[in-house]
Amino acid sequence: MAVIAQTLTLAPGAFGPAVALSCRECGERYDLGPKFACEVCFGPLEVAYDFSGGVTREQIAAGPNNIWRYAPLLPVPADVAAKPNLNPGFTKLVEARNLGRELGIKDLYVKDDSGNPTHSFKDRVVAIAVEAARNFGFTTLSCSSTGNLAGAVAAASARAGLRSCVFIPADLEAGKVLTAAAYGGNLVAIEGTYDDVNRFCSELIGDTAGEGWGFVNVNLRPYYGEGSKTLAFEIAEQLGWRLPEQIVVPIASGSQLTKIDKGFRELIKLGLVEDTPYKVFGAQAEGCSPVSAAWKAGHDVIRPVKPNTIAKSLAIGNPADGPYVLDVCKRTGGAVEDVDDGRVVEAIKLLARTEGIFGETAGGVTVGCLQKLVETGQLDPEATTVVLNTGDGLKTLDAIESTTGVSATIRPSLDAFREAGLA
């Protein structure tokens with residue numbers, strides 16, 4: 001690989017409890033490094049740990065109110081909180097009683113990740129990738145992005161003192177383009193879909209032009225993906241150190257869903273939570289639903305599609321973790337569902353109207369699928385349920401622009417106010 005030609009010398013404890021990279025398919029293990037695919041079977045690599053030292057709830061509670069309270073469970077050094085980073089995480093878990101009444105769900109919570117520094121869950125995964133980039137001596141941070149990741153990489157790079165160059169589809173929402181560009185790095189629009197952008201990045205990483213570059217969702221992907229586990233850790237801790245009985249997670253690449261499951265399993269293994277059953281449900285937009293289509297057809301193989309949906313942050317037609325999403329949902333007794341764009345918009349407004357949370361289109365997908373899962377009897381309305389809102393609706397205003405606006409335009413008088421039926 002052109003990016004790192006020399007042998008890596010890693011400082012002791014640079015990756016905390018992480019000890020190796022392990023292939024999900026064949027189990028082959030590799031030294032920690034900027035690798036993402038197995039050399040034996042080409043399966044994806046993920047971080048393997050040695051947790052033999054144990055971790056306690058008290059140790060976690062003594063940490064900062066961000067993802068670094070879980071540093072003993074992540075591939076980061078013990079002093080990570082002292083380094084310049086955006087310190088994402090520990091976002092609100094909102095007890096959604098109003099939404100629950102509307103949907104007929106007895107015990108419902110919204111994990112609202114719009115409160116992160118760049119207003120999406122991507123700050124979590126990028127924070128872990130930045131630490132890996134530092135360890136590997138990368139000077140430029142990059143990614144292929146459907147929008148939120150571009151902003152997260154640009155912001156985190158600026159804070160860490162790294163150069164950034166991120167790549168997006170040319171038809172991305174204006175709000176996401178402007179917010180990503182504001183941090184001063186290079187923002188490159190590519191004609192085509194996200195999958196076209198991702199293919200270009202895969203070519204760049206093997207070229208001398210990409211030397212010294214860390215692509216958070218390519219050669220840093222094993223570390224980057226671990227950031228999604230912190231959603232699982234926070235949800236369990238915020239529920240009083242217990243697992244939810246059901247969780248609804250949006251699917252783009254599918255990594256977030258599989259890593260939340262990994263996080264729950266690690267908490268069980270460490271004895272931090274009781275080993276209770278939980279069901280994982282995946283949510284997609286109908287216009288980009290290859291995983292949902294495979295689920296409903298009973299297939300194990302994901303057939304790629306060309307995205308056509310307003311939920312652009314989920315518009316990945318060939319999701320890398322798609323088959324593993326199917327595995328998780330089958331193993332836990334969950335399901336994968338999808339909703340059309342009209343229902344996405346209505347769900348965005350429903351969440352805002354009932355809980356005061358303005359989610360982006362991905363949040364509309366999860367809430368819309370939650371509603372559909374209840375209607376179809378796939379989700380138990382009596383069980384403790386968590387639904388994810390992964391980003392801020394201010395980034396996707398165009399989705400609701402045609403159906404939302406002022407209630408009335410009136411003259412500045414009480415008579416006009418009454419005539420408009422507002423009194």
Test side-chain hydrogen bond (donor to acceptor under 3.5 Å, both in side chains) on S253 and D321; report intermediate values, then the result.
CA-CA 6 Å; S253 71; D321 276 36; 5.5 Å; no
Decide yes or no on side-chain contact (heavy atoms from CB on, under 4.5 Å) for V130 and L86, but give the supporting numbers first.
CA-CA 10 Å; V130 165; L86 294 179; over 6 Å; no
One pair to check against salt bridge (charged side-chain N to carboxylate O under 4.0 Å, His left out): E375 and R343. What are the steps and the verdict?
CA-CA 13 Å; E375 292 171 353; R343 193 152 185 171; 2.7 Å; yes
Any chance you could lay out the side-chain hydrogen bond (donor to acceptor under 3.5 Å, both in side chains) test for Y224 and K259, step after step, and finish with the verdict?
CA-CA 10 Å; Y224 157 94; K259 290 304 187 290; over 6 Å; no
Run the numbers on D300 and K330 for salt bridge (charged side-chain N to carboxylate O under 4.0 Å, His left out), then give the verdict.
CA-CA 11 Å; D300 294 326; K330 287 176 184 176; 2.6 Å; yes
Step by step, would you call V94 with N389 a side-chain contact (heavy atoms from CB on, under 4.5 Å)?
CA-CA 11 Å; V94 179; N389 175 53; over 6 Å; no
For side-chain contact (heavy atoms from CB on, under 4.5 Å), just list the numbers for L388 and V248, CA-CA rounded to whole Å, side-chain angles, deciding distance to a tenth of an Å, and then say yes or no.
CA-CA 6 Å; L388 268 59; V248 183; over 6 Å; no
Set out, in order, the CA-CA distance, both residues' side-chain angles and the distance that settles side-chain contact (heavy atoms from CB on, under 4.5 Å) for T258 and D261, then state yes or no.
CA-CA 5 Å; T258 60; D261 172 66; 5.6 Å; no
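The closest side-chain donor-acceptor pair between E274 and T276, if any, does not fall under 3.5 angstrom. T384 and D107 are linked by a side-chain donor-acceptor pair at a separation below 3.5 angstrom, with hydrogens and angles left out of the test. E46 and Y324 form no side-chain donor-acceptor contact under 3.5 Å, judged by distance and modelled atom types alone. Counted by atom type alone, T91 and K111 present one or more donor-acceptor pairs between their side chains at under 3.5 Å. In the model, Y49 has no side-chain atom that pairs as donor or acceptor with a side-chain atom of E266 under 3.5 Å. There is a side-chain donor-acceptor pair under 3.5 Å between S144 and Y194.
In the displayed structure, R163 atom CZ is contacted under 6.0 Å by more than 12 heavy atoms of other residues, nucleotides or ligands. Counting non-hydrogen atoms of neighbouring residues, nucleotides and ligands closer than 6.0 angstrom, the NZ atom of K269 reaches no more than 12 such neighbours. By the 6.0 Å contact criterion, CG on D171 is enclosed, its count of non-hydrogen atoms from other residues, nucleotides or ligands being greater than 12. Dense packing is recorded around NZ of K296, with more than 12 heavy atoms of other residues, nucleotides or ligands lying under 6.0 Å away. In this structure, D31 places its CG atom where only 12 or fewer heavy-atom neighbours from other residues, nucleotides or ligands lie under 6.0 Å away. Within a 6.0 Å radius of NZ in K92, no more than 12 heavy atoms belonging to other residues, nucleotides or ligands are found. Remark: R57 CZ is packed, more than 12 non-hydrogen atoms of other residues, nucleotides or ligands lying under 6.0 Å away.
Between the H119 side chain and the S114 main chain, a donor and an acceptor come within less than 3.5 Å of each other. Using modelled atom types, one side-chain atom of Y30 and one backbone atom of E39 make a donor-acceptor pair closer than 3.5 Å. Checking side-chain atoms of D195 against main-chain N and O of T193 turns up no donor-acceptor pair under 3.5 Å. Of the possible donor and acceptor atoms, none in the side chain of N135 sits under 3.5 Å from a partner among the backbone N and O of P77. Side-chain atoms of S202 come within 3.5 Å of backbone N or O of N198 as a donor-acceptor pair. The backbone N or O of C165 lies less than 3.5 Å from a partner atom in the side chain of S142, making a donor-acceptor pair. A donor-acceptor contact shorter than 3.5 Å is absent between the side chain of E337 and the backbone of A283. A donor-acceptor distance shorter than 3.5 angstrom exists from the side chain of R69 to the backbone of P64, with no hydrogens or angles considered. For N98 (side chain) and T354 (main-chain N/O), a donor-acceptor pair under 3.5 Å exists by modelled atom type. Judged by distance alone, with hydrogens and angles left aside, the side-chain atoms of R124 form no donor-acceptor pair with the main-chain N or O of F121 at under 3.5 Å.
When all heavy atoms are compared, the tightest approach of A48 to S22 is CB-CB, 4.2 Å. Between S313 and E360 the shortest heavy-atom distance is OG-OE2, 2.9 Å. Across all non-hydrogen atoms, the minimal contact from L187 to A150 is CD1-CB, 4.4 Å. Here the shortest heavy-atom pairing between A232 and L267 reads O-CD1, 4.1 Å. Taking all atoms of both residues into account, the shortest heavy-atom contact from T146 to I316 is CG2-CG1, 4.2 Å. Summarising the geometry of P17 relative to P72, their closest heavy-atom pair is CG-O, 3.2 Å, with the distance given to 0.1 Å.
Side chains of I302 and P323 form a contact here, defined as non-hydrogen atoms less than 4.5 Å apart. Inter-residue side-chain proximity for V76 and E226 is flagged as unmet; no heavy-atom pair is nearer than 4.5 Å. Contact check for T309 versus L314: no side-chain heavy atoms found under the 4.5 Å cut-off. At least one side-chain heavy atom of I400 sits under 4.5 Å from a side-chain heavy atom of F358. Side-chain contact check for I128 versus P75: some heavy-atom pair is nearer than 4.5 Å. Residues L108 and V387 have side chains in contact (heavy-atom distance under 4.5 Å, counting atoms from C-beta outward). Between E25 and P44 there is a side-chain heavy-atom pair separated by less than 4.5 Å. Using a 4.5 Å heavy-atom cutoff, the side chains of V153 and S145 are not in contact.
I205 contributes atom CD1, which lies 8.5 Å from atom SG of C201 (distance to the nearest 0.5 angstrom). Put simply, CG on N116 and NZ on K122 are 12.0 Å apart, with the number rounded to the nearest 0.5 Å. Atom CG of L21 sits about 5.5 Å away from atom CG of L45, to the nearest 0.5 Å. Expressed to the nearest 0.5 Å, how far OH of Y70 lies from CG of L231 amounts to 10.0 Å.
Partner K395 forms a side chain to side chain donor-acceptor pair (under 3.5 Å) with one of T118, N148, T179 and no other, that one being N148.
With salt bridges taken as basic N to acidic carboxylate O contacts below 4.0 Å, none links K279 and D380.
Ring centroid separation for the pair F215 and F136 does not come in under the 6.0 Å cut-off.
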